[in-house]
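To start, the structure under review is shown below, and the notes come after it.
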Amino acid sequence: MMENELKGTVSVSMKLNLGNYQSADVFVSLSGIGPETTEADMDSLLQGNVTVAYQKCLASVKAKCREIRENVA
């Protein structure tokens, strides 16, 4: 294992006003970047597991927001 292993973090949130206004926030972070880390290393992580994690988080947030809308109506 590398001393400064490259890692990604994803956070997805959605704000609901339950009216006509909606907004979404997305946070993506890379940590463990060192002098030996290449742009290709970062691209690989962002296009791989980080993207998969983002898609899973987004689907979960959308489902929870849909459930809230349905229970308020």
Side-chain angles (χ1 to χ4, degrees):
M1 182 183 288
M2 295 172 45
E3 184 177 323
N4 289 328
E5 183 179 351
L6 189 60
K7 298 177 185 170
T9 301
V10 177
S11 173
V12 179
S13 67
M14 184 175 286
K15 298 172 190 149
L16 294 179
N17 187 348
L18 300 176
N20 292 332
Y21 180 77
Q22 295 181 36
S23 65
D25 299 338
V26 176
F27 169 81
V28 177
S29 167
L30 293 178
S31 63
I33 298 171
E36 72 286 348
T37 306
T38 66
E39 190 172 336
D41 292 336
M42 291 182 273
D43 287 342
S44 176
L45 182 64
L46 288 170
Q47 295 169 7
N49 288 341
V50 171
T51 297
V52 171
Y54 168 75
Q55 291 169 344
K56 289 186 174 295
C57 289
L58 182 60
S60 178
V61 168
K62 283 183 174 181
K64 290 180 187 332
C65 289
R66 189 170 33 255
E67 181 180 335
I68 289 169
R69 282 190 197 106
E70 290 169 358
N71 289 327
V72 171

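Just so you know, these numbers come straight off a predicted model, no measurement behind them.
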So, for [X] and [Y], which heavy atoms are closest and what is the spacing to 0.1 Å?
X     : Y     : answer
Leu30 : Gly8  : CD2-CA, 4.1 Å
Gly32 : Thr37 : O-OG1, 4.0 Å
Tyr54 : Val12 : CD1-CG2, 3.6 Å

### Query
According to the salt bridge (Lys or Arg N to Asp or Glu O under 4.0 Å) rule, which pairs have a member within residues 21-30, sequence neighbours left out?
Lys15-Asp25
## Note on the structure
Residues at least two apart in sequence or cross-chain that pass side chain to side chain contact (heavy atoms under 4.5 Å, CB included) with Val52, listed by chain then number, are Lys56
What pairs of donor and acceptor atoms, side-chain ones from residues 41-49 against any protein atom, are under 3.5 angstrom apart with sequence neighbours left out?
| residue | atom | partner | partner atom | Å |
| --- | --- | --- | --- | --- |
| Asp41 | OD1 | Thr38 | OG1 | 3.3 |
| Asp41 | OD2 | Thr38 | N | 3.0 |
| Asp41 | OD2 | Thr38 | OG1 | 3.2 |

